[in-house]
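Structure first, then comments.
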Amino acid sequence: MATTYAQERKIALLAVKRAALLTDRIYNSQVKGTTLKEDKSPVTLADLGGQALVIAALRHAFPKDHIVGEEDSDILRSSAEKRDLLWSHVSHVLKSSDSELAQEIGTIKSAEEMMDLIDLGNHNGGRVGRIWALDPVDGTLGFLRGGQYAVALGLIVDGEVKVGAMACPNLPVDIKNPEGEKGVLLSAERGQGTTLTPASRDEPKKVRMNDIQNSSSASFVESVEAGHSSHNQQASIAKRLNITKPSVRMDSQAKYASIARGDGDIYLRLPTSRTYEEKIWDHAAGSIIVEEAGGQVSDSAGRPLDFGLGKTLKANKGVVAAMKDIFPEVIQAVVEELNMVKK
């Protein structure tokens, strides 16, 4: 029997998978097309093309839904060279997809339509309705260095995340063989668990977080960039929890994927600025993937993440994710550490 959001989950997974084919193609061709936004975060052709492909899928399947995206097409409209280059990659991915896939998640017929689709990701979010939060290349620095990144997509309904889908092209299929086959897809539906599928074959399996009974046997997965989370504070929290295992560092929402399938156990994104507000597209997909794998996700004060306040998590500071059984220990240590810093 079909579940409430089974179709949304299916379309979301197909959309991020197709977008990941594009990002992988652009990276491997070494056509990075990097520029800088006003806030100095890197944006690439992969970001723009991925957003176009995902929005094409969502508009085809759910034309009335709203989309909160991270990109706009301004740079393409001002540069025919970049526009034509990106369109060559997007059209190649579309032509290499089978016709049945196009029937399910649509296609793009021209460079102009591609740019128009990118600009449809302009919704401001909110508490009411069906809103998709999209990050076409989450972890752009990881993408550029050939490390971890994710194509992440979450469906928020009346302020609550109901579906999450994520493609992690560089994450090993088998963590015990880190140099082996790479590329995984993860998806989750509220109340239906989390599934992982190798990108190269249709072999889905349910995944769960590690079943650990106390935090001392846990390990951290943390950001590569110190600007994203305080490594020093995280080390202090590890001492409080008697954690001695080395942390695994990687970019993007691939951290959520890693703890969901048991590569690590705790993800902390500690506040590094009093004014910074986390973006909903950075956490919508990842949070539900962890929660449906047996985890709990909150902000650094233990409050649930509120996805109904617009494009950012205005009511929250930082993010903490861990297995439910050890979450109380973890959040207590986080709160104690942050209170010490304030003194």
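Computation of the quantities below employed the complete heavy-atom set of this structure, encompassing side-chain atoms and omitting hydrogens, waters and symmetry-equivalent molecules.
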Practice item. Count the heavy atoms of every other residue, nucleotide or ligand shown that sit under 6.0 Å from NZ of K109, and state whether that count exceeds 12. Key: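 Atom NZ in K109 is not packed in, count stays at 12 or less.
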Check your understanding: Taking atom CD of E100 as the centre, does the number of heavy atoms from other residues, nucleotides or ligands within less than 6.0 Å exceed 12?
Key ->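 Counting neighbours around CD of E100, 12 or fewer heavy atoms of other residues, nucleotides or ligands fall under 6.0 Å, so no.
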Exercise for review: Just do the side chain to side chain contact (heavy atoms under 4.5 Å, CB included) check on I175 and R261 with the steps written out, would you?
Suggested key: CA-CA 9 Å; I175 190 59; R261 71 172 187 175; 4.1 Å; yes
I need the [X] [atom1] to [Y] [atom2] distance, nearest 0.5 Å.
| X | Y | atom1 | atom2 | answer |
| --- | --- | --- | --- | --- |
| L117 | Q51 | CG | CD | 9.5 Å |
| I326 | N214 | CD1 | CG | 8.0 Å |
| L185 | L13 | CG | CG | 5.0 Å |
| N210 | I266 | CG | CD1 | 11.0 Å |
| Q253 | C168 | CD | SG | 8.5 Å |
| I280 | T312 | CD1 | OG1 | 8.5 Å |

**Study point:** S215: which of Q332, E329, R240 passes side chain to side chain donor-acceptor pair (under 3.5 Å)
**Key:**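 Testing S215 for a side chain to side chain donor-acceptor pair (under 3.5 Å) against Q332, E329, R240 leaves exactly one candidate, E329.
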**Study point:** S187 and its side chain to side chain donor-acceptor pair (under 3.5 Å) partner, picked from E8, K17, R9, E292
**Key:**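 So the option named by the test is R9.
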Taking [X] for its side chain and [Y] for its backbone only, find out whether a donor-acceptor pair lies under 3.5 Å.
| X | Y | result |
| --- | --- | --- |
| D119 | D116 | no |
| Q192 | T3 | no |
| S97 | V93 | yes |
| K245 | S217 | yes |
| D24 | A20 | no |
| H60 | Q103 | yes |
| K314 | L309 | yes |
| S79 | L76 | no |
| K82 | S78 | no |
| E278 | L313 | no |

Review point. S200 and E181: side-chain donor and acceptor closer than 3.5 Å?
Key: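 Yes, E181 and S200 have a side-chain donor paired with an acceptor closer than 3.5 Å.
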Please examine the side chains of [Y] and [X], heavy atoms only from C-beta on, and report whether any two atoms are closer than 4.5 Å.
| X | Y | answer |
| --- | --- | --- |
| S258 | M250 | yes |
| L85 | H89 | yes |
| V297 | V320 | no |
| T195 | K205 | no |
| N122 | V68 | no |
| D138 | W281 | no |
| E336 | N339 | no |
| Y256 | H283 | yes |

So, are [X] and [Y] salt-bridged, with charged N and O less than 4.0 Å apart?
| X | Y | result |
| --- | --- | --- |
| R190 | E291 | yes |
| E104 | K10 | yes |
| D65 | R59 | no |
| K279 | E70 | no |
| R127 | D306 | yes |
| D72 | R77 | no |

Exercise for review: Could you label the plane-to-plane angle of the H123 and H66 rings as parallel, tilted or perpendicular, counting under 30° as parallel and over 60° as perpendicular?
Suggested key: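 H123 vs H66 ring planes: parallel.
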Considering all heavy atoms of both residues, which atom of [X] and which atom of [Y] are nearest to each other, and what is their separation?
| X | Y | value |
| --- | --- | --- |
| N177 | P172 | O-CB, 4.1 Å |
| L14 | L101 | CD2-CD1, 4.0 Å |
| S298 | I331 | OG-CD1, 3.7 Å |
| D282 | D135 | OD1-OD2, 3.1 Å |
| A15 | L153 | CB-CD2, 4.5 Å |
| N170 | K182 | O-CD, 3.5 Å |

Point to revise | Pair T194-K206, side chain to side chain contact (heavy atoms under 4.5 Å, CB included): steps then yes or no | key: CA-CA 6 Å; T194 295; K206 284 285 185 75; over 6 Å; no
Practice item. Under the side chain to side chain contact (heavy atoms under 4.5 Å, CB included) rule, what do I259 and M209 come out as? Steps first, then yes or no, please. Key: CA-CA 6 Å; I259 67 170; M209 295 185 72; 4.0 Å; yes
Exercise for review: With side chain to side chain contact (heavy atoms under 4.5 Å, CB included) as the test, would you mind laying out the steps for L94 and R18 before giving the verdict?
Suggested key: CA-CA 8 Å; L94 291 168; R18 184 169 69 176; 3.6 Å; yes
Exercise for review: Establish, for the pair R130 and F62, whether the NZ or CZ atom is under 6.0 angstrom from the six-membered ring centre and no further than 45 degrees off its axis.
Suggested key: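 Yes, cation above the ring, under 6.0 Å and within 45°.
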Exercise for review: For residues F143 and Y27, establish whether the separation of their ring centroids is below 6.0 Å.
Suggested key: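 For F143 and Y27, the ring centres are under 6.0 Å apart.
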